[in-house]
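Remember, it's a predicted structure, so these values are computed and weren't measured experimentally.
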Amino acid sequence: MSAERTRSVPEAVRRSASELADEINQHNHRYYVLDDPNVPDAEYDRLMRELQALEHKYPQLVSPTSPTQRVGAPPDSGFAVVGHELPMLSLDNAFSDEELHKFVARIGERLDRQDLDELEFNAEPKLDGAAVSMLYEDGVLVRAATRGDGVNGEDITHNVRTIRSVPLKLIGQGVPERIEVRGEIVMPKAGFAAYNERAAATGQKLFVNPRNAAAGSLRQLDPELTAQRPLDMYCYAAGLVSGGALPATHSQTLTQLAHWGLKVSPEMGQVRGVDGCIAFYEALARRRDQLPYEIDGVVFKVNAFDLQRDLGAVSRAPRWAIARKFPAEEVVTTVLDIDWQVGRTGAVTPVARLEPVFVGGVTVSNATLHNIDELQRKDVRPGDSVVIRRAGDVIPEVVRSIVERRPDGAQTVSLPISCPVCGSAVERPEGEAVARCTGGSLVCQAQRIEGLKHFASRKAMDIEGLGSKLIEQLAQEPVAALDDHPVRTPADLYRLTQADLADLERMGDKSAANVVSAIQKSAATTLPRFLFALGIRDVGETTAESLAQHFGNLGALQTADEASLLAVADVGPVVAQRILTFFGNPQMTALIEELQRLGVSWPDEQPVQAIASDSPFSGKTIVLTGTLQQMSRSDAAQKIKALGGKITGTVSKKTDLLIAGEKAGSKLQKAQNLEIEVIDESAFLNLLDQT
Ligand code: IVH
């Protein structure tokens with residue numbers, strides 16, 4: 001051993017190393033557990049480097065709980081088996097309110113209680129990850145294990161140590177001599193998306209979902225690899241406890257675990273009776289998409305431990321808890337056929353026609369395959385068993401084919417050479433993923449119909465009652481007011497009479513009158529809505545708004561040249577070209593004039609260039625998230641836009657600033673991961689005051 005290694009540690013150095021370690025651990029706790037850091041990353045890095053330098057000079061200082069020691073050596077001989085001292089139970093599931101009623105009724109019978117409306121439950125998210133048991137002795141993490149079969153698990157200490165929200169050492173008063181903490185290791189949605197994005201870019205294998213990602217990451221022998229995965233841990237119970245005590249209820253226990261430095265989901269709450277459970281379930285279901293991690297239901301646990309003991313367990317699940325599951329977001333069904341759908345801009349998209357299946361709370365019989373490349377990459381064929389996913393309000397998609405179940409002779413499908421609707425050639429420009437029908441909206445009925453649907457849609461002209469089915473009927477059947485032609489252009493809509501509509505199948509006089517009046521009402525619109533409704537390629541809602549604000553009136557936009565278009569916040573060369581092409585088309589100018597003649601009108605906008613350039617928001621891409629106290633998010637967005645900022649809905653590398661209100665979730669996490677500037681509401685109000 002070199003002289004360096006045997007050098008004795010001066011007391012002052014020992015003290016400063018231990019103070020540094022404590023300080024870093026506190027920052028870790030604030031950052032990874034409380035989500036509330038109070039020093040910049042650079043300061044944290046500085047402290048860490050200082051400690052590393054001391055430990056390098058005096059290796060005797062290195063202890064297993066030092067924050068520098070999260071990533072250690074891989075285990076010598078694979079994963080060792082760990083026998084759980086108390087079995088790790090599973091949960092019974094309830095898939096309906098009725099099953100929840102039965103669960104509570106069973107408890108009533110068992111406890112011989114009538115006052116079930118008073119019975120208290122702790123309600124908490126059912127996290128979708130991998131279960132873990134963590135044993136702390138004298139406050140130090142000594143072992144972590146998977147659930148395994150509930151009796152025996154695998155030793156994954158080396159991997160769990162790398163997860164920053166898992167304390168290597170507990171803090172605070174009254175930590176029991178021995179305590180086993182149980183929880184779920186998850187990969188947050190933002191981390192999962194970022195990980196897969198990187199994996200795709202470097203040609204590595206993608207994870208199917210955050211649960212598999214978490215479980216797979218823990219199954220690594222090399223902790224270096226696990227350390228690179230964005231994992232997080234939330235506790236949901238204590239197992240074995242000795243040499244210390246826990247409070248009398250489950251909820252107090254979770255609060256106590258949080259005081260000892262462990263991470264607990266902030267989404268938990270206490271409810272009474274089955275009605276309380278149902279209300280909690282519904283409220284969390286509504287917020288599910290906004291949570292930073294995937295959950296697949298809500299767990300209800302009888303809160304008082306003495307009642308839990310009275311109730312006991314059957315086989316592998318306790319009688320005092322239940323998981324009320326959300327409808328599955330991924331299910332398996334069969335592809336009946338693969339069709340090609342033609343969209344508003346002529347995009348020819350493969351769509352899987354499915355054996356109808358209940359997924360994400362609705363019955364689905366079509367799912368998108370996005371484009372020909374995706375179809376080929378996923379190699380989906382008619383007859384295949386496939387996994388379908390529908391999460392939130394997102395369009396159902398085919399996730400993958402289950403190749404093992406493929407029937408003999410299943411054929412691949414290729415891109416059609418002509419449009420399945422109008423027969424025009426289908427072209428796929430070099431380097432583009434999307435193939436398009438070359439017919440255009442005058443030739444291709446599909447493009448015409450989709451264009452009309454877009455024109456009438458909520459964010460465009462917002463014509464209430466003029467839904468997809470009705471537009472399809474109108475675009476196919478002759479209409480008297482149009483000299484017995486079907487509806488062809490948006491202008492035709494404003495010529496329709498009540499009698500025309502009442503003539504259609506399944507349409508009463510009253511509904512016909514309502515639709516006609518909704519069409520007339522839509523004529524008084526705004527410039528951004530009108531521009532969006534025109535359906536200029538690549539001009540979405542936000543760009544339409546920027547254009548309207550920049551130019552103030554339609555005439556100025558119609559005559560704008562490329563250079564002045566490029567001066568608009570989110571207009572690049574491609575979009576500028578699309579706008580020039582659109583307004584250079586005499587048919588489009590004729591349509592606009594016709595619409596104006598038929599009464600479509602809007603007030604001019606206040607051009608904002610003049611005041612925008614010197615505001616703290618001008619030219620910045622800004623995301624608003626969470627709940628603001630002083631104003632609604634849309635009012636805040638209006639103000640920012642008026643000051644030259646651009647509002648977008650998703651956080652990406654292009655985001656300049658995130659304004660985070662209360663209960664900000666995954667967007668905040670993503671912004672932090674991407675090291676984007678984040679300010680809270682009061683800082684935002686200060687900036688507004690300055691302008
Ligand atoms: S309690 C005795 N609480 O769900 C009850 N489990 O289906 C044991 N899980 O293996 C579990 N979130 O991995 C509990 N808030 C939560 C949970 C939760 C997720 C997982 C856990 C368990 C599985 C049972």
Asks: Do any N or O atoms from the side chain of Arg182 and from the backbone of Ala238 form a donor-acceptor pair under 3.5 angstrom?
Replies: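 No; zero donor-acceptor contacts below 3.5 Å.
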
Asks: Side chains of Glu180 and Val241, heavy atoms from C-beta outward: is any pair under 4.5 Å?
Replies: no

Asks: Look at Lys263 together with Asp232 and state whether they make a salt bridge at an N to O cut-off of under 4.0 Å.
Replies: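 The answer is yes: the pair qualifies as a salt bridge.
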
Asks: Given the rule in the salt bridge (charged side-chain N to carboxylate O under 4.0 Å, His left out) test, do Asp296 and Arg211 qualify, once you have shown the distances and angles that lead to the verdict?
Replies: CA-CA 10 Å; Asp296 60 346; Arg211 173 172 18 96; 5.7 Å; no

Asks: Does a salt bridge link Glu19 with Arg15, judged by any charged N lying under 4.0 Å from a carboxylate O?
Replies: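 Looking at Glu19 and Arg15, the cut-off is not met.
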
Asks: Is Glu294 salt-bridged to Arg389, cutoff N-O under 4.0 Å?
Replies: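 A salt bridge is present here (some side-chain N lies under 4.0 Å from a carboxylate O).
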
Asks: Would you say the side chain of Met134 lies within less than 4.5 Å of the side chain of Met233, judging by non-hydrogen atoms?
Replies: yes

Asks: Does the side chain of Asn122 pick up a donor-acceptor pair with the side chain of Glu124 at under 3.5 Å?
Replies: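 Side-chain D/A pair, Asn122 to Glu124: present.
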
Asks: Below 4.0 angstrom, N of the basic side chain to O of the carboxylate: do Asp92 and Arg319 qualify?
Replies: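 Salt bridge: no.
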
Asks: Of all residues at least two apart in sequence or in a different chain, which pass the ring pair (Phe, Tyr, Trp, His ring centres under 6.0 Å) check with Tyr195?
Replies: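 Per chain and number, Tyr195 pairs via ring pair (Phe, Tyr, Trp, His ring centres under 6.0 Å) with Phe207.
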
Asks: Would you call Phe103 and Asn93 a side-chain contact if the rule is heavy atoms closer than 4.5 Å?
Replies: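 Result no, sub-4.5 Å side-chain heavy-atom pair not found.
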
Asks: Tell me, do Val623 and Ile659 make a side-chain contact under 4.5 Å, heavy atoms counted?
Replies: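 Val623 does not reach Ile659 side chain to side chain.
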
Asks: Does a side chain donor of either Glu55 or Thr68 reach within less than 3.5 Å of an acceptor in the other side chain?
Replies: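 Yes, Thr68 and Glu55 have a side-chain donor paired with an acceptor closer than 3.5 Å.
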
Asks: Just by distance, with hydrogens left out, do Asn38 and Tyr31 show a side-chain donor and acceptor under 3.5 Å apart?
Replies: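 Distance-only check fails for Asn38 and Tyr31.
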
Asks: Would Glu329 and Arg288 satisfy salt bridge (charged side-chain N to carboxylate O under 4.0 Å, His left out), going step by step from the backbone distance to the final call?
Replies: CA-CA 12 Å; Glu329 289 187 331; Arg288 178 184 189 186; 3.2 Å; yes

Asks: Where do Val82 and Arg143 come nearest, in terms of heavy atoms and distance?
Replies: CG1-CZ, 3.3 Å

Asks: Between Arg161 (side chain) and Pro64 (backbone), is there a donor-acceptor pair under 3.5 Å?
Replies: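 The answer is yes, because a donor-acceptor pair under 3.5 Å joins these two groups.
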
Asks: Looking only at heavy atoms, which two atoms of Phe358 and Pro327 are closest? And how far apart?
Replies: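 In terms of heavy atoms, the two residues are closest at CE2-CB, 4.3 Å.
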
Asks: Verify the neighbour count for atom CD of Glu197: are there more than 12 heavy atoms of other residues, nucleotides or ligands below 6.0 Å?
Replies: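 Count not over threshold, so no.
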
Asks: Do Asn25 and Thr65 make a side-chain contact, defined as non-hydrogen atoms from C-beta onward lying under 4.5 Å apart?
Replies: no

Asks: Charged N to carboxylate O under 4.0 angstrom, Lys102 versus Glu98?
Replies: yes

Asks: With Tyr236 as reference, evaluate Met268, His250, Lys301 under the side-chain contact (heavy atoms from CB on, under 4.5 Å) test and give the passing residue.
Replies: Lys301

Asks: Determine whether a donor-acceptor pair (N or O, by modelled atom type, separation under 3.5 Å) exists between the side chain of Thr255 and the backbone of Ser251.
Replies: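 At least one qualifying donor-acceptor pair exists.
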
Asks: Looking at Ile163, Asn159, Leu127, which hits side-chain contact (heavy atoms from CB on, under 4.5 Å) with Ile185?
Replies: Ile163

Asks: Is it true that atom CG of Asp115 has more than 12 heavy atoms of other residues, nucleotides or ligands lying nearer than 6.0 Å?
Replies: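 Yes, the 6.0 Å shell around CG holds more than 12 heavy atoms from other groups.
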
Asks: Is any side-chain heavy atom of Leu284 closer than 4.5 Å to one of Pro125?
Replies: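 Side chain of Pro125 against side chain of Leu284, heavy atoms only: contact under 4.5 Å found.
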
Asks: Search all heavy atoms of Thr146 against all heavy atoms of Met88 and return the closest pair with its distance.
Replies: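 That closest heavy-atom pairing would be O-SD, 4.4 Å.
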
Asks: Between Arg178 and Glu85, does at least one N-O distance fall below 4.0 Å, as a salt bridge requires?
Replies: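 The answer is yes: the pair qualifies as a salt bridge.
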
Asks: Once the angle between the rings of His158 and Phe79 is folded into 0 to 90°, is it parallel (under 30°), tilted (30 to 60°) or perpendicular (over 60°)?
Replies: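 Taking Phe79 first and then His158, their aromatic rings sit tilted (interplane angle of 30° to 60°).
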
Asks: Check whether any side-chain heavy atom of Leu307 sits under 4.5 Å from a side-chain heavy atom of Arg113, and report yes or no.
Replies: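 They are in contact (side-chain heavy atoms under 4.5 Å apart), so the answer is yes.
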
Asks: Do Gln256 and Thr253 get their side chains close enough for a donor-acceptor pair, meaning under 3.5 Å?
Replies: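 There is no such pair between these side chains.
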
Asks: Go through the structure and list residues passing ring pair (Phe, Tyr, Trp, His ring centres under 6.0 Å) with Tyr234, not counting sequence neighbours.
Replies: Tyr293

Asks: Excluding sequence neighbours, so at least two apart, what forms side chain to side chain contact (heavy atoms under 4.5 Å, CB included) with Glu109?
Replies: none

Asks: Is the number of heavy atoms from other residues, nucleotides or ligands under 6.0 Å of Lys169 NZ greater than 12?
Replies: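 No, because the 6.0 Å sphere around NZ of Lys169 holds 12 heavy atoms or fewer from other groups.
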
Asks: Would you call Arg287 and Glu267 a salt bridge, taking side-chain N to carboxylate O under 4.0 Å as the test?
Replies: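 Judged by the 4.0 Å cut-off on N to carboxylate O distance, Arg287 and Glu267 do form a salt bridge.
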
Asks: Over 60° means perpendicular and under 30° means parallel, so tell me whether Phe300 and Phe280 are parallel, tilted or perpendicular.
Replies: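 Perpendicular.
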
